[in-house]
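Pasting a structure here, questions to come.
A note on names: the letters A, B, ... follow the listed sequences, proteins ahead of strands, and every chain is numbered from 1.
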Amino acid sequence: MADQLAIGSRRGLKPALPLLLPAYLWLTVAIFLPLSAMVFFSFMTDLPLAGKEWAFTLGNYEAFFSQSLYSRLLLSSLRLGLEVTLWCVVIGYPAAYVLAKVLKGRSREAIFLLVILPFWSNGLVRIFSWAMVLREGGILDTALNAVLPFKINIDLMYSYPAVIIGLVHSYVPYMVLTCYLTLQAIDDSLIEAGRSLGASRRQVLWRVIIPLSMPGLIAGSALIFVPVVGSFMEPRILGGRTGTFYGTVIEDQFAAVFNWPLGAALSFILLAVVLIILALAAPVLRRAG
Amino acid sequence: MAGVQVANVSRSFGAHKALDDVSIDFADGGFYALLGPSGSGKTTLLRQIAGFDFPDAGRIAIGGESVERVPVEKRRIGMVFQNYALFPNMSVADNVAFGLSVRGEAKATIAAEVQRALDLVQLGKLGGRRPHQLSGGQRQRVALARAIVTKPRVLLLDEPLGALDKALRVDMQIELKRIQREIGITTIFVTHDQEEALTMSDRIGILRDGRLVQEGPPEEIYDRPQSEFAATFLGDANIFRGDATGSGIKLPDGTTIAASTGASVPAGAKASCAVRPERIRISTGAAKPDPANANTLKGQVSKRIFAGNNSTYFVDRDGQTLKVIVQNTGAERLAEGQDVVLSWSPDSTVLIA
Ligand SMILES: Nc1ncnc2c1ncn2[C@@H]1O[C@H](COP(=O)(O)OP(=O)(O)OP(=O)(O)O)[C@@H](O)[C@H]1O
Ligand SMILES: [Mg+2]
């Protein structure tokens, strides 16, 4: 049996090569080369541009460990990633469930479009529209004061909740899509079978549907958690002074301070931490699924 | 255990009447087959009884109590789905345990009950497997074990044997019947297969376009069909159409056919007669006519199909092809093209209004 499989895959690889080649070429040019350049930079004292002096150093990595600021920021970014991912599950999973199991036909298509609409709008536009909604005297403030008999002040702008709201809005479509796909694949007769065996709707949800949608929840969480931990646009625009996170510091190194070596080193530390977290979470999640 | 009473149930999807005023009394402990062509409403009827869907009109009672306001999980039914619907994320044992576990039974009780149910369907050793590691027949038995382990009042089976090949199907029919007898549970069994319905059930209901065409014990439906549809859908039948004479019918060519069973139709009205192919005698006409077989027709053999223990003759007469099945007794066989005389008793002729 094992022999047969080995032969099968060996035979399968050769004809597949020409098909895989473009993808690998693209990966090499677009990701591997720039990434190796960044690894290289992260061990330099300065950028080798404009004839400046440079030497190899471990100083950029040492900076992370010698200044507690960086690890503090990394921790708050991880917390941000966790919170945003959780909110995306809380909002995205029920939406995906309704899309996959409750709505039919036209209304499903319409709602689906609404869910993925943020995907198609420019990220900056999306964030600035949130700024208009959340600021004092903004849309939310004005609207609530027009409806409510008493005066309240809504100024969410430049706060942690504003960052969360902006990020959740940007990333929740990933969760909806991945969960929708797994929920769609669950046969309705499984739900009916569960009910006929005496399980309430809630029991069927916990014992059958959620375990079977684990792959979608995991994929969605990974797709959201990783970029959110490194995010800088939403924290910067919606968070203002409170919006200093690990991602914004990295961006500063590249865009403002021009300390590329430090920026690169901080990025690779982030990459390593995220990979370790995913590796630790994988077996636990797989068992849950 | 409990019987199921379905009274005047109708269910429409848009303008389409999937069930149209259906009334059936499923007796306590009986094995009932629902038979009918595709789209006739069999699954829809099961779904009303199970509580997955609700009738627009009519009443359903289980064990004498109306279940109108009882949700699926409180109806205490067991259902085997056409695609088995086993939970892919659980082992075979966990699948069977599901119904007991959601009820909050003790772990030890569950383990014992699951083992008993798996032994009953002869899968005692496969509890640790996942559903995808089982054959079609094994999956079907797991689905059955899962449905009966909770001791439901009624067992609903929606074409559970549809996906199996002939040999396995017959094995499973025998096994299903054995289990049903052993636990004495009221069983409603949906099938496409008339042979399956005839061999397994105490009673049969035939559905067509959402209406109950006929209902009764297999012998009664087979021997006294009340419509051409029932006659041809359950078994084979030769149908003659003509005008009622009071004691039979008169064919357009003047031949009369006497019928002593079936409906009573006033003379002059349109009517038809059904005769089962195995009730007809076929001969060369040389022998003396048997007075018991009063109905006779002349024809010509157009085709003969030999099937080992019997032969089927197709006999042409007056623009109609009749079917005759003859047991293989070793007697001389008739050749294609030969002129023959068909004869049968009025007792074997069913008059249909
Ligand atoms: N949810 C539904 N929406 C619309 N029409 C439906 C629905 N369920 C069933 N129908 C229609 O009702 C009719 C009866 O369907 P049903 O599934 O009961 O047939 P069936 O006798 O079980 O057929 P089969 O032998 O093919 O399974 C069909 O014409 C079907 O198209
Ligand atoms: Mg059906």
Side-chain angles (χ1 to χ4, degrees), chain A residues 1-2 4-5 89 93 96-98 100-108 178-221 282-289, chain B residues 13-14 43 46-47 49-53 62 70-91 94-105 110 113-114 117 131 139 142-160:
Chain A
M1 188 61 192
Q4 275 174 346
L5 282 178
V89 171
Y93 187 77
Y97 183 85
V98 170
K101 293 282 170 227
V102 181
L103 296 177
K104 300 256 140 56
R106 267 292 150 83
S107 52
R108 172 189 289 181
T178 54
C179 290
Y180 175 77
L181 290 178
T182 46
L183 282 166
Q184 181 81 316
I186 299 175
D187 198 325
D188 284 347
S189 64
L190 290 183
I191 299 172
E192 294 184 343
R195 301 252 282 137
S196 74
L197 290 165
S200 64
R201 282 174 201 278
R202 180 183 295 251
Q203 283 173 316
V204 170
L205 182 70
W206 281 104
R207 286 168 178 249
V208 179
I209 301 175
I210 290 182
L212 286 175
S213 20
M214 265 308 158
L217 283 166
I218 292 171
S221 299
V284 180
L285 292 174
R286 204 172 305 135
R287 210 168 324 127
Chain B
F13 298 106
T43 299
L46 273 201
R47 293 176 61 81
I49 297 169
F52 298 134
D53 192 33
I62 300 178
V70 183
V72 181
E73 63 267 27
K74 299 268 166 59
R75 290 196 183 186
R76 297 207 285 128
I77 50 139
M79 177 130 183
V80 175
F81 293 78
Q82 184 159 16
N83 63 356
Y84 312 140
L86 299 178
F87 305 125
N89 56 320
M90 300 177 199
S91 68
D94 287 345
N95 261 283
V96 177
F98 185 89
L100 299 171
S101 140
V102 293
R103 239 191 242 167
E105 304 259 358
I110 295 180
E113 290 288 321
V114 166
R139 277 180 219 185
V142 175
L144 187 62
R146 185 179 68 172
I148 58 179
V149 76
T150 56
K151 305 217 162 48
R153 299 183 290 177
V154 182
L155 187 58
L156 306 173
L157 304 147
D158 194 355
E159 299 194 42

Q | Nearest non-hydrogen partners of A/Asp187 and B/Asn83, listed with the distance | A |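 The answer is OD2-ND2, 3.0 Å.
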
Q. So, for A/Val208 and B/Met90, which heavy atoms are closest and what is the spacing to 0.1 Å?
A.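 What the structure gives for the nearest pair is CG2-CE, 4.3 Å.
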
Q.
Heavy-atom cut-off 4.5 Å, strictly under: side chain, backbone, both or neither for B/Leu100 against chain A?
A.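 For B/Leu100, no heavy atom lies under 4.5 Å from chain A.
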
Q: Measure the spacing between CZ of B/Arg75 and CZ of A/Arg195 and express it to the nearest 0.5 Å.
A: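 Separation between the atoms: 10.0 Å.
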
Q: Any chance you could measure A/Glu192, atom CD, to B/Arg47, atom CZ, to the nearest 0.5 Å?
A: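 It is 4.0 Å, given to the nearest 0.5 Å.
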
Q. For B/Arg103, does the CZ atom sit with more than 12 other heavy atoms under 6.0 Å from it, leaving out its own atoms?
A.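 Above 12, so yes.
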
Q | Within-4.5 Å side-chain heavy-atom neighbours: B/Pro71 and A/Arg201 | A |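 No. Closest side-chain heavy atoms not under 4.5 Å.
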
(Q) If I compare all heavy atoms of A/Pro211 with all of B/Asn89, which pair ends up nearest, and what's the gap? (A)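 Closest approach of A/Pro211 to B/Asn89, heavy atoms only: CB-ND2, 3.4 Å.
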
Q.
Looking at every heavy atom in both B/Glu73 and A/Ala199, which two are closest together, and how far apart are they?
A.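 Closest approach of B/Glu73 to A/Ala199: CB-O, 3.4 Å.
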
Q: Would you mind checking which part of B/Phe52 comes under 4.5 Å of any heavy atom in chain A, side chain (CB onward), backbone (N, CA, C, O), both or neither?
A: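 Only the side chain of B/Phe52 comes within 4.5 Å of chain A.
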
Q: Check A/Leu197 against B/Phe98 and note the closest heavy-atom contact, atom names and distance.
A: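 Reported closest heavy-atom pair: CD1-CD2, 3.8 Å.
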
Q. Any idea which of B/Gly51, B/Pro88, B/Gly78 has the most non-hydrogen atom pairs under 4.5 angstrom with chain A?
A.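 Going by pairs under 4.5 Å, I would pick B/Pro88.
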
Q: First locate atom CG of A/Leu190, then atom OH of B/Tyr84, and finally report the distance between them rounded to the nearest 0.5 Å.
A: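 That separation rounds to 14.5 Å.
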
Q: Can you see which heavy atom on A/Ser196 is nearest to which on B/Met79, and at what distance?
A: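 Here A/Ser196 and B/Met79 meet closest at OG-CB, 4.0 Å.
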
